[in-house]
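Bear in mind the structure is a predicted one, so any value in this text is a computation, not a measurement. Lettering of chains follows the sequences in order, A, B, ..., and the numbering in each one begins at 1.
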Amino acid sequence: MEYNFKEIEAKWQAYWAANGTFKSEIDSSKPKYYVLDMFPYPSGAGLHVGHPLGYIASDIFSRYKRLCGFNVLHPMGYDAFGLPAEQYAIQTGKHPAKTTEVNIARYRSQLDRIGFSYDWSREVRTCDPSYYKWTQWAFLKMFGCWYDPAQDKARPIEELEQKFATEGYDGITPERWAKADSKERANILMNYRIAYQGETAVNWCAGLGTVLANDEVKDGLSVRGGFPVEQKKMKQWQLRVSAYAGRLLADLEDLDWTDSLKDMQRNWIGRSDGTEMIFKVSNGSEEYDMTIFTTRADTVFGVTFMVLAPESEWVEKLTVAERKDEVEAYLAQARKKTERERIAQTHTVSGVFTGSYATNPLTGEKVPVWVSEYVLAGYGTGAIMAVPAHDSRDYAFAKAFNLPIIPLIEGADVSEQSFDAKEGVMINSGFLNGMQVKDAIEAAKDYVEAHGLGRRKTNYRLRDAIFSRQRYWGEPFPMYFKDGVATPMPFDKLPLQLPEVDKYLPTESGEPPLGRAKDWTYEGYPIEKSTMPGFAGSSAYYLRYMDPHNDEELVGREANGYWRNVDLYIGGTEHATGHLIYSRFWNKFLYDLGYVCEKEPFKKLINQGMIQGRSNFVYRVVGTNTFVSCGLKDQYQTTEIHVDVNIVHNDRLDLDAFRSWMPEYKDADFILEDGEYVCGWAIEKMSKSMFNVVNPDNVCDTYGADTLRLYEMFLGPLEQSKPWDTKGIDGVNRFLKRVWRMFYDRDGFIVTDEEPTAEELRTLHKLIKKVQTDIEAFSYNTAVSAFMIAVNELYEHKCNKKAILEPLIVLLSPFAPHITEELWHSLGHEDTITYASFPKCNEAYLVENKATYAVSFNGKTRFTVELPADMSREDVSDHVLSLDQTAKYVAEGKVVKVIVVPGKIVNIVVK
RNA sequence: GCGCAUGUGGUGAAAUUGGUAGACACGCUACUUUCAGGAGGUAGUGCUUCACGGCGUGUAGGUUCGAGUCCUAUCAUGCGCACCA
């Protein structure tokens, strides 16, 4: 009987679905384990072979955990709001909901073919009103809360109102509060809410017609679409993520994430401990106290000028009349630049003098105040003290504008460049002279605080998240404007459903698409017209899976108490500074209010590598419809064009397929080499636009899902990125066929009840041990190899004994669920292999005659002997013995392992 | 510029964590079988040499009886951050 994967896979997929095999319910008699994949955005291109890599890994782990007796929650859903569906809608007029629906159906059928053990009864879609009801709910909760630094957590805004009214808070006295009318009170409270509306510099992307969050912009271009982004001041909804910066940083410690990912988050949060210091500044007529932030309070004696960010409000106050034109001109050209231009000019120095002077609080010296783009408005106070001797940026500025440079560290040569290192002995620094820099920093901080010149301050780079998008396809804000005051809709009106519009473009007056909706009002008042960004719906989806049909709560107390948080989360690194920060923030917020019981959402996180595509190119001779083969392309002027990898085999182009690929190539001519057209190639991201997408369906058709699963794991370490290459998939397929042949030969079933030999048991139990440790270490590629080795050994000895094969296929079942399920039933089992138990390794089968076990190597002998119980590691470690001595110890039975390097040294190794 | 990874055959990769480098798989070579289909089996396959042998984990040093593994430089590639005071 042949291994008919098509029949087998279809049969068991249908069986699992019909029997609800992977449905999980709360079961307090079993320990829980929550395995989650980052849910996909269902794009129109469908799944490619890269997507399932992480899904297969998590599926293996889920199935493994089930075999180990855990109650496993392994759900799947769709991140279904997003830009591509909307861009498509703008072009075609098709409703994004329809497009999304179609794409989801396609994803689902592709996922189903791979045999995942998802509990589909828990599926969520972020664009589903019954789901986004809870996204809106969370937003309203954030609107209704402020961050109390004293308790270091979010609290209801009513508590703050109470504070204002009774004792006053943050400069708002009870008198002022009492005098304020309702509108003014609303404005004050807005400055404290976790979800708030505020005017800030935002990343405006004209190409997409919307603002973007920091993590949605890269190198001055939008991540989606690659359109230029500029800085613009706008009033936008924002989330006060910055309030959680300290906790987001501190709680990273206990997470089982890779160091590189934690580092990325630390970097993004960007904690820096420094000092806020007050400088007196004067424009000749008026004097002010200006606060600056520095991490090098020790260098105050070297301050030779001050610099303001162009957007700083100090610029206006400190620009003297005669310099006004020059400053205005500078501000104007700075404002015009796009983010991208700014980045490109990072190292060119520009600036302008305001005409004002500041007084150094320690030396009493007057220093000029400048304006320059190199100071950022959004960080610290938007103003700095410049110490050119010990800061490279200040140094470049001082050199460009001929400002003095005063060295403060002994031996530092600042004639060519600044000395930025925090080491050495202080000079020219009054009371700090003679100290080490590290000590001087502390001493300076103490001095500043003691003399009322400022205070210690911790700053974070993490900014609040811009939360509104001027787009259609997202969650509407359940907010309306009552006499201009942003007012939440009541909870029982949720979900606020996305209205229909005639077009998905902004209105003529420049309002977001929701401006087109008919009667977009609540009780006669206008409703907010922006929608929420992509990360809104993906921030708490892991909670919703715990209790997806609950209409009363985001997640019920019982469900949350049982499933708690995600034990294993698998997904790509691209979410390091976006989703993974927002989700942690969202969770902490809900934790503060007592809605969830864990302070972190994802305990262990694994980043699967990306599967890159291998693209192929053809070379068109410029101005013609003639294509020249890769080897001859240098003789012509050519344009490199991506060609569909599916019409290229082994880098040779199928000419007819190419002609019929696209109408414009119908009459293409070719210049061949050796009668063939050879394509160029490159490893690139797998994407539709590069025509290098390999569809998992094709692999399933040719080799089957089990082969696909094993092969993707066999390809290399999970975390590593690698190009998709089908070379080698045959080996994995052969392995499965070999497993099959251990059960069936040409004539039928051949498994016997014979007793296994010691050798066979050894092979089996070695495998059990190896597979278990490899799965737990996510070293799936070596686990697959171990299977191949074991099966080769057994196959060679024609082992078709049930006592060996039965545990073997249980071991294999997480990797190749279909074939093992079929074989499991062929052994007479009624129930699915999912309910089997993971075999236990019996160490007794592994240890064999240890005392006399010898391995020969290059003519010499290596022993392995047992270590007596009374001998410890300390007794033998690092002992180097001669051959004779070793022989003696071996004879006395004191050694566990002896290594003999030919003709040289003998060393004892103890485990 | 700063931070983090990674460098091993023709290819994807292993290496019990400091102890026979290259397991396993692809590819290739030879033989074999035939139910000729991307099938099965056997042997070989790091480089070099007719051979004995020698050389081999990006490069150069170091520690060690012993280094792919540890340390120091250096180069290359990838990723992240990037005027964050």
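No cation-pi contact links A/Arg762 to A/Tyr845, judged by a cut-off of 6.0 Å to the six-membered ring centre and 45° from its axis.
Between A/Gln720 and the phosphate of B/A13, there is a side-chain N or O to OP1/OP2 separation shorter than 4.0 Å. At the phosphate of B/C4, neither OP1 nor OP2 sits under 4.0 Å from any side-chain N or O atom of A/Asn267. Phosphate proximity of B/A85 to A/Ser272: present, with a side-chain N or O under 4.0 Å from OP1 or OP2. For B/G80, the OP1/OP2 oxygens have a side-chain nitrogen or oxygen of A/Lys218 closer than 4.0 Å.
Across B/C24, B/G27, B/G3, the shortest atom-to-atom separation from the side chain of A/Arg734 is found for B/G27. For A/Tyr379, the side-chain atoms get nearest to B/A85 when compared with the rest of B/C81, B/A85, B/C24.
Ring geometry for A/Phe397 versus A/Tyr374: interplanar angle of 30 to 60°, hence tilted.
Panel note: side chain A/Asp298, backbone A/Ala444; no donor-acceptor pair is recorded below 3.5 Å.
A 3.5 Å limit on both hydrogen-bonding distances identifies no Watson-Crick or G-U partner for B/A85. Across all strands shown, B/U63 has no partner, as no Watson-Crick or G-U wobble contact with both distances under 3.5 Å is found. For B/A43, the paired nucleotide is B/U29, the pair qualifying as Watson-Crick or G-U wobble because both relevant distances are below 3.5 Å. Using N1 to N3 plus N6-O4 or O6-N4 for Watson-Crick, or N1-O2 and O6-N3 for G-U wobble, each under 3.5 Å, B/A5 pairs with B/U77. Under the Watson-Crick or G-U wobble criterion, with both distances below 3.5 Å, B/C50 is left unpaired in every strand shown. Nucleotide B/G38 is matched to nothing when pairs are restricted to Watson-Crick or G-U wobble geometry with both distances under 3.5 angstrom. In a base pair of the Watson-Crick type (N1 to N3 plus N6-O4 or O6-N4) or a G-U wobble (N1-O2 and O6-N3), with each distance short of 3.5 Å, B/G18 is matched with no nucleotide.
At a cut-off of 3.5 Å, with distance as the only test, a side-chain donor of A/Tyr330 or A/Ser350 sits close to an acceptor on the other residue.
The glycosidic torsion of B/G9 lies within 90° of 0, placing the base in the syn range. Anti is the classification of B/U77, since its glycosidic angle lies more than 90° from 0.
As judged by a 4.0 angstrom heavy-atom cut-off over every strand, A/Thr702 is placed among the base-contacting residues. Using a 4.0 Å heavy-atom cutoff across all strands shown, A/Leu376 reaches at least one base atom of the nucleic acid. No contact: A/Lys766 has no heavy atom under 4.0 Å from any strand. In this structure, A/Val375 reaches the bases: a heavy-atom distance under 4.0 Å links it to at least one base atom across the strands shown. Residue contacts shown for A/Arg463 include a base, since a base heavy atom lies under 4.0 Å away. Counting non-hydrogen atoms under 4.0 angstrom, A/Arg266 reaches nothing in the nucleic acid. Residue contacts for A/Ile384: at a heavy-atom cut-off of 4.0 Å it reaches a base atom on one of the strands shown. Among the heavy atoms of the strands, none lies under 4.0 Å from A/Asp725. Among the atoms of the strands shown, only primed sugar atoms or phosphate atoms (P, OP1, OP2) are found under 4.0 Å from some heavy atom of A/Asn792. A/Phe714 comes within 4.0 angstrom of a base, heavy atoms only.
Rounding to whole angstrom units, CG of residue A/Asn607 and P of B/C79 are separated by 15 Å. Between the CD1 atom of A/Ile729 and the P atom of B/U11 there is a distance of 21 Å, given to the nearest Å. Rounded to a whole Å, the CG atom of A/Leu718 is 15 Å from the C1' atom of B/A13. In this structure, A/Gln608 atom CD and B/A5 atom P are separated by 20 Å, rounded to whole Å. The separation between A/Ile611 atom CD1 and B/G12 atom P is 14 Å, rounded to whole Å. A straight line from CG of A/Leu580 to P of B/C81 spans 14 Å, rounded to a whole angstrom. Rounded to whole Å, the distance from CZ on A/Phe815 to P on B/C24 is 18 Å. Atoms CG (A/Asp774) and C1' (B/A23) sit 13 Å apart, rounded to a whole Å.
Contact check on A/Lys438 versus A/Glu423 returns no salt bridge, with no Lys/Arg side-chain nitrogen under 4.0 Å from an Asp/Glu carboxylate oxygen. The existence of a salt bridge linking A/Arg741 and A/Glu2 is excluded, since no basic side-chain nitrogen approaches an acidic carboxylate oxygen closer than 4.0 Å. In summary, A/Glu442 and A/Arg456 engage in a salt bridge, as defined by a charged side-chain N under 4.0 Å from a carboxylate O.
Both A/Phe293 and A/Lys722 lie close to RNA chain B; mapped to their nearest nucleotides by heavy-atom distance, the more 5′-ward contact belongs to A/Lys722.
Rounded to whole Å, the C1' atom of B/G40 lies 36 Å from the corresponding atom of B/U48. When the C1' atom is compared between B/U72 and B/A67, the two are found 15 Å apart, to the nearest whole Å.
Under the 6.0 Å cut-off for aromatic ring centres, A/Phe815 and A/Phe787 qualify, their centroids lying closer than that.
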